[in-house]
Amino acid sequence: MNKKISRLRGMYDVLPDESWIWQRIEHIVEETFQSYSYQQIRFPIVEKTQLFHTTIGEATDVVEKEMFSFQSRSGNSISLRPEGTAGCVRAVIQNQLCNRGATQKLWYIGPMFRYERPQKGRNRQFTQIGAEYFNVESAHADAELILMTARLWKNLGLPNIQLEINSLGTSQSRKAYREVLIAYFQQHSELLDEDAQRRLLTNPLRILDSKNPNMKEMINNAPLLSDYLDDESKEHFQQLKSILDACKISYKINPKLVRGLDYYSKTVFEWITTDLGSQGTICGGGRYDSLVELQGGKPTPAVGFAMGVDRIVEIIKDLKLWQNNNESKTYLIVDKEVAMETAYKLSEKIHQALPQLKLFMNQNPTSFKAQFKKADKMGAQFAIIVGQEEAKSGKITLKYLRNKEIGQQSFEFAEFVSFMNKQQ
RNA sequence: GCGGCCGUAGUUCAGUUGGUAGAGCCCAGGAUUGUGAUUCCUGUUGUCGCGGGUUCGAGCCCCGUCGGCCGCCCCA
């Protein structure tokens with residue numbers, strides 16, 4: 001008879017000991033993206049299932065077996081978004097943000113849902129932050145997005161992150177390569193595992209990603225995508241590389257880097273950490289020039305990326321990169337014998353005069369000793385003591401808990417305010 | 001979707017060949033007449049994840065289930 005209802009598998013609660021990390025990441029992301037003049041866009045968590053099928057691709061794992069799909073009351077199939085680009089593109093088309101050649105630099109943050117087996121760095125509800133740059137065809141746009149993410153890692157203070165890039169080519173050159181690749185794999189069909197057999201005609205590029213040791217040699221000898229790039233794609237890729245070189249962003253060209261979502265073309269990139277085990281990609285993205293048209297909009301080149309906030313939080317926690325400074329700095333210690341009205345009058349006066357001050361007030365006054373103990377455990381810098389003497393005199397007694405030499409002082413209210421202002 | 005490990009107080013864990021639970025930390029109170037971080041004393045806490053089975057008897061054995069971790073897979 002267990003009446004407790006537990007949370008769903010792969011979902012989680014963010015508790016106060018961790019929420020401050022999320023808040024700080026969100027704050028830094030917002031500042032960084034704004035400094036590059038990207039504007040926030042917000043779009044629904046639920047969309048028509050069809051949107052994800054046409055955008056992400058029928059043969060992808062995300063669509064085939066990882067979507068939270070269900071029937072709406074009117075009988076339509078709707079789904080929780082498994083990623084952000086689909087909804088963002090839909091919103092751009094529907095609200096005509098790119099009409100008459102307008103460019104857009106957009107970013108978003110929010111929960112995404114995929115029905116997967118939970119693991120470190122992989123949850124069923126997870127938070128992604130993404131940015132999308134619409135209507136610039138040249139690699140300058142790709143470069144800006146990569147530079148902006150590099151700036152973000154710097155601002156967040158994340159170490160051990162590497163950039164990998166590749167070019168998938170235009171959809172025409174990819175089509176040509178695809179046929180060569182299928183032919184090659186068919187020659188070696190006796191070596192293909194079950195997974196590869198299944199993907200041979202739906203998504204042969206993904207076979208290159210396989211870690212099956214039996215297929216390793218065969219894959220290593222497979223024709224390379226880079227040999228089949230057309231001039232336009234080569235030129236585009238070269239442009240990106242020379243900007244990255246100029247800005248001293250180091251990268252590795254990974255010719256086997258192919259993204260799992262169908263809509264990518266030309267540039268693809270990933271930021272990878274070695275600190276998270278097997279879920280090491282913290283940010284991935286690329287160009288998707290044909291997606292807007294595929295969704296029924298006017299042809300609009302675009303490029304974007306998404307990053308997993310949960311994974312970034314994990315790194316910051318595991319490596320203990322940050323310290324919490326969101327805790328109360330000042331603890332209001334109230335004598336049991338002092339009327340709470342007096343204490344509240346003072347605390348409101350303090351909030352009015354020092355709006356930045358993080359004041360903790362104990363609504364259940366116990367002994368002085370116990371309150372001091374609590375203030376200490378909480379990491380408070382100061383204790384304001386409201387005892388019977390202070391209630392009579394109207395003065396403020398302030399004790400500096402972190403420095404015995406300064407110790408305890410008595411102030412008039414105005415003196416107290418200017419003292420605290422100096423401290424902050 | 002596949003494979004492996006795991007689930008005992010708030011927490012970290014112990015629990016002998018099956019005989020219905022224990023420690024450290026934390027928390028609360030006190031030694032200290034209005035004052036913390038050291039020390040000492042005292043005290044609270046569990047349907048042993050949940051359900052079923054075997055047994056005279058199950059935290060321990062078996063089955064199921066839920067949840068977590070790790071690998072595959074996938075991806076951010």
Side-chain angles (χ1 to χ4, degrees), chain A residues 1-12 15 17 56 60-66 82-85 109-130 149 193-196 198-199 203 206 209-213 257-261 269-273 276-286 304-315 331 333-338 364-391 397-404 407-408:
Chain A
M1 280 263 272
N2 188 6
K3 280 192 194 164
K4 278 184 235 162
I5 297 175
S6 57
R7 77 179 89 86
L8 255 26
R9 179 167 223 188
M11 312 278 179
Y12 52 88
L15 304 179
D17 67 341
I56 298 169
T60 58
D61 282 15
V62 170
V63 163
E64 267 182 355
K65 49 196 189 195
E66 293 175 3
E83 56 105 50
T85 302
I109 176 170
M112 309 293 165
F113 301 84
R114 288 182 204 172
Y115 198 91
E116 296 182 276
R117 186 83 169 259
Q119 202 176 312
K120 189 179 180 71
R122 188 170 79 185
N123 294 299
R124 288 184 178 179
Q125 176 176 338
F126 57 103
T127 302
Q128 275 192 345
I129 291 171
T149 50
D193 62 17
E194 202 181 322
D195 233 26
R198 188 175 57 84
R199 282 184 180 136
N203 204 343
R206 293 302 313 285
D209 238 2
S210 169
K211 280 152 199 148
N212 187 337
L257 180 63
V258 289
R259 309 207 48 77
L261 280 39
F269 65 93
E270 269 186 22
W271 289 94
I272 297 166
T273 175
L276 276 182
S278 67
Q279 306 298 324
T281 301
I282 58 166
C283 176
F305 65 77
M307 65 184 84
V309 185
D310 312 43
R311 291 181 184 177
I312 295 170
V313 171
E314 281 294 314
I315 294 173
Y331 194 105
I333 290 178
V334 184
D335 191 320
K336 279 182 282 196
E337 304 304 320
V338 170
N364 189 17
T366 49
S367 71
F368 269 57
K369 181 193 173 75
Q371 293 188 64
F372 269 101
K373 255 187 178 168
K374 231 175 213 163
D376 181 53
K377 291 252 163 66
M378 208 175 269
Q381 301 282 309
F382 297 101
I384 295 171
I385 298 155
V386 184
Q388 298 180 57
E389 289 170 24
E390 288 80 4
T397 300
L398 185 73
K399 180 168 180 178
Y400 196 5
L401 296 170
R402 302 294 149 197
N403 188 332
K404 271 198 171 153
Q408 191 163 316

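In what follows, chains carry the letters A, B, and so on, assigned in the order in which the sequence lines appear, proteins first and then strands, with residues in each chain numbered from 1. Here the structure is a predicted model, which means the values were calculated and not measured.
Take A/Pro118 and apply the side-chain contact (heavy atoms from CB on, under 4.5 Å) test, not counting sequence neighbours, and it matches A/Arg9, A/Arg124. Applying the side-chain hydrogen bond (donor to acceptor under 3.5 Å, both in side chains) rule to A/Thr149 yields the partners A/Trp271; only residues at least two apart in sequence or on another chain are considered. Looking at residues two or more places apart in sequence or on another chain, you find a ring-ring contact (aromatic ring centres under 6.0 Å, His included) between A/Phe382 and A/Tyr400. Under the side-chain hydrogen bond (donor to acceptor under 3.5 Å, both in side chains) criterion, A/Thr281 pairs with A/Glu270, not counting sequence neighbours. By the side-chain contact (heavy atoms from CB on, under 4.5 Å) test, A/Glu390 is found to be paired with A/Ile385, A/Thr397, residues two or more places apart in sequence or in another chain being considered. Taking the ring-ring contact (aromatic ring centres under 6.0 Å, His included) definition, one finds that A/Tyr12 meets it with nothing, sequence neighbours left out. The side-chain hydrogen bond (donor to acceptor under 3.5 Å, both in side chains) search around A/Gln119 returns A/Arg122, A/Ser278, not counting sequence neighbours. The ring-ring contact (aromatic ring centres under 6.0 Å, His included) test applied to A/Tyr331 returns A/Phe360, not counting sequence neighbours.
For residues 365-376 of chain A, the side-chain hydrogen bond (donor to acceptor under 3.5 Å, both in side chains) pairs, not counting sequence neighbours, are A/Asp376-A/Arg402.
Rounded to whole angstrom, the span from the CG atom of A/Asn123 across to the P atom of B/rC69 amounts to 7 Å. Rounded to whole Å, the distance from CD on A/Glu337 to C1' on B/rU33 is 14 Å. Note: CZ (A/Arg124) to C1' (B/rC69) measures 15 Å, nearest angstrom.
Judged by distance alone with a 3.5 Å cut-off, no donor-acceptor contact links the side chain of A/Gln371 to the base of B/rU35.
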Check nucleotides 71-73 of chain B against the protein and report each pair of N or O atoms closer than 3.5 Å, with its distance, or say if there are none.
from, atom 1, to, atom 2, distance (Å)
B/rG71, OP2, A/Gln119, NE2, 3.0
B/rG71, OP2, A/Ser278, OG, 3.4
B/rC72, OP2, A/Ser278, OG, 3.4
B/rC72, N4, A/Arg122, NH2, 3.1
B/rC73, N3, A/Arg122, NH1, 2.6
B/rC73, N4, A/Arg122, NH1, 3.1
B/rC73, N4, A/Gln279, NE2, 2.7

Could you run down the sub-3.5 Å N/O contacts of the protein with nucleotides 36-46 of chain B?
from, atom 1, to, atom 2, distance (Å)
B/rG36, N7, A/Lys399, NZ, 3.3
B/rG36, N1, A/Leu401, O, 2.5
B/rG36, N2, A/Asp376, OD1, 2.7
B/rG36, N2, A/Leu401, O, 3.0
B/rG36, N2, A/Arg402, NH1, 3.4
B/rG36, N3, A/Asp376, OD1, 3.4
B/rA37, O4', A/Asp376, OD2, 2.9
B/rA37, N6, A/Lys404, NZ, 3.1

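Both A/Phe126 and A/Arg9 sit near RNA chain B, but only A/Arg9 has its closest nucleotide nearer the 5' end.
Only the C1' atoms considered, B/rG49 is 6 Å distant from B/rG7, to the nearest whole Å. Taking atom C1' in both B/rU44 and B/rU11, one finds a spacing of 16 Å when rounded to whole Å.
Paired runs in RNA chain B that reach 3 or more consecutive Watson-Crick or G-U pairs, where each pair keeps both distances under 3.5 Å, cover B:1-7 with B:66-72, B:10-13 with B:22-25, B:27-31 with B:39-43, B:49-53 with B:61-65.
Distance check, rounded to the nearest 0.5 Å: CZ of A/Arg311 to NZ of A/Lys120 gives 11.5 Å. Residue A/Met112 holds its CE atom at 11.0 Å from CG of A/Asp310, rounded to the nearest 0.5 Å.
Comparing B/rC75, B/rG29, B/rG34 by their nearest atom to the side chain of A/Ala370 picks out B/rG29.
Note on A/Ile333: nothing from the nucleic acid sits closer than 4.0 angstrom, heavy atoms only.
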